[in-house]
Amino acid sequence: MGVSVEGGGGRRKNLNANLNLVPFIDLLSVCITFLIATAVWVELSSLPVDQALSDPNTPPAPPPDPPPPPPLTVHVRADGVWVGRKVEEGRNFAVVGESYDWGGVETEIESDRRAYPDEEQVVIVTDDGVEYQHMIHALDLTRKFEYTKSLLGGGPPAPSTAVR
Amino acid sequence: MPVFTPGRHPAYEPIGRLRSNPLSGGKKSGFTELNLTAMVDMFTVIVIFLLQSFSGEGEVQVHKNLTLPDSEEAGPLAERGPIIVVMHDEVLLDGDVVASLEDEAADEPGISALTEKLVKIRDANNEVEEELRRRDPSREVKPFDGHLIVQADEETDFKLVRRAIFSANEAGWTHLQFSVTKLMANGGGGGGGEG
């Protein structure tokens, strides 16, 4: 590679100078090696959940008037998913074949979002024996409709008679 | 088809070379000039691409033999912290086996060994924070803000994950991040899952 510099004057003198590219290529090679060695090839994704909905150090706020509605509850059980705010108003989506009816659950969460557009809290309850991926799926559906404050709970399987 | 300049042309290539440089004596030079410009250009593009994808925070490893669940709404990992891995019968904290769930009492809500380890980490963090505040009294006093990364196999019983979460909450770690594999909106797979 050469650098051409326009020269003035009567005598024509060759002003082309050769740049030494070897150190430059060395530097680039070192940079490439370092960056490839430290590259992050797999970017991990995550679903954040804050289990403490309020700071325990702050004094409790006075109860609002009128009292807020009970939070939306998504109860993942072995035989289906129950969605609702009150026991008598919730809907149960039974297992279809060997998989949960996530389409029905999504529709129910969407209708709850329309009824309570400002609510952010959701409680996700999972019975013992339910796989982790089903809890994540339920959490994912609630995040889709912007229920950003999630509380995870669970315990022994709930009796099916408690839901309809 | 090659393009020739008008005028006389040598009949053979050696004759032409002889005429242009009589000192070479007709010998073929062993040196070939490499055009380095294209290579430097390519190197520059590679360096720029790698610099753009460079992350100073390092990579969070996913435990091998672990299949993460899928999620469409997941975002990038926001905060770094200790990593809890819940396998089928083991709980690991930062790669070390903390408890074997076969030995643990299944009726207990938490895992005591995990709670102890997390309390130790929290205390160590608090000590560092106090030392920094001692050196710089103007440093803001903030409550402990523990962030945990939870990794579990998609087929793990959530009861085990819940026990690990209970232990973390007991030790004061309340901000959890569940590692998942990001799904694109059209259902395609994203990154993640590599050991």
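Everything numeric in this text was worked out from a predicted model, so none of it was measured. Every chain is numbered from 1, with letters handed out A, B, ... down the list of sequences.
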Query raised in the report: Transitively linked via ILVMFWY side-chain contacts under 4.5 Å: Trp82(A) with Val96(A)?
Result: no
Requested in this report: Give a yes or no answer on whether the side chain of Arg162(B) reaches the backbone of Asp128(A) with a donor-acceptor pair at less than 3.5 Å.
Outcome: no
Report summary line: Looking only at heavy atoms, the pair that brings Tyr132(A) and Ala152(B) closest together is CE2-O, 3.4 Å
Report summary line: Of Ile36(A), Ile136(A), Thr38(A), Leu139(A), the largest count of non-hydrogen pairs under 4.5 angstrom with chain B goes to Ile136(A)
Query raised in the report: What part of Leu141(A) lies closer than 4.5 angstrom to a heavy atom of chain B: side chain, backbone, both or neither?
Result: neither
Query - Within one Ile-Leu-Val-Met-Phe-Trp-Tyr cluster: Val83(A) and Tyr116(A), side-chain cutoff 4.5 Å - result: no
Query raised in the report: Considering only heavy atoms, which portion of Val49(A) lies under 4.5 Å from any heavy atom of chain B: side chain, backbone, both, or neither?
Result: both
Query raised in the report: Under a 4.5 Å cut-off applied to non-hydrogen side-chain atoms, are Glu155(B) and Gln133(A) in contact?
Result: yes
Report task. Enumerate by number any residue of residues 38-53 of chain B whose heavy atoms lie under 4.5 Å from heavy atoms of chain A; in the absence of such residues, state 'none'. Result -> Met39(B), Val40(B), Phe43(B), Thr44(B), Ile46(B), Val47(B), Leu50(B), Leu51(B)
Query raised in the report: In terms of side-chain geometry, is the basic nitrogen of Lys159(B) or Asp127(A) positioned less than 4.0 Å from the acidic oxygen of its partner?
Result: no
Requested in this report: Is it possible for you to say whether Leu66(B) and Leu92(B) belong to one hydrophobic cluster, with membership spreading through side-chain heavy-atom contacts below 4.5 Å?
Outcome: yes
Requested in this report: Would you please test Phe178(B) and Leu152(A) for side chain to side chain contact (heavy atoms under 4.5 Å, CB included) and show each step?
Outcome: CA-CA 12 Å; Phe178(B) 293 102; Leu152(A) 307 179; 3.5 Å; yes
Query - Point-to-point distance, once rounded to the nearest 0.5 Å, from NE2 of His134(A) to CD of Glu154(B) - result: 9.0 Å
Query raised in the report: Should Leu21(A) and Leu28(A) be counted in the same cluster of Ile, Leu, Val, Met, Phe, Trp and Tyr side chains packed under 4.5 Å apart?
Result: yes
Query raised in the report: Are Val91(B) and Ile121(B) connected in a single hydrophobic cluster, I mean Ile/Leu/Val/Met/Phe/Trp/Tyr linked by side-chain heavy atoms less than 4.5 Å apart?
Result: yes
Report summary line: Only residue of Gln177(B), Glu79(B), Lys182(B) satisfying side chain to side chain contact (heavy atoms under 4.5 Å, CB included) with Ser46(A) is Gln177(B)
Query raised in the report: What's the shortest heavy-atom distance between Asp140(A) and Ser71(B), and which atoms?
Result: OD1-OG, 2.7 Å
Report task. For Asp157(B) and Glu131(A), indicate whether the former's side chain and the latter's backbone hold a donor-acceptor pair under 3.5 Å. Result -> no
Query - residues 126-135 of chain B: residues contacting chain A (heavy atom under 4.5 Å, by number) - result: none
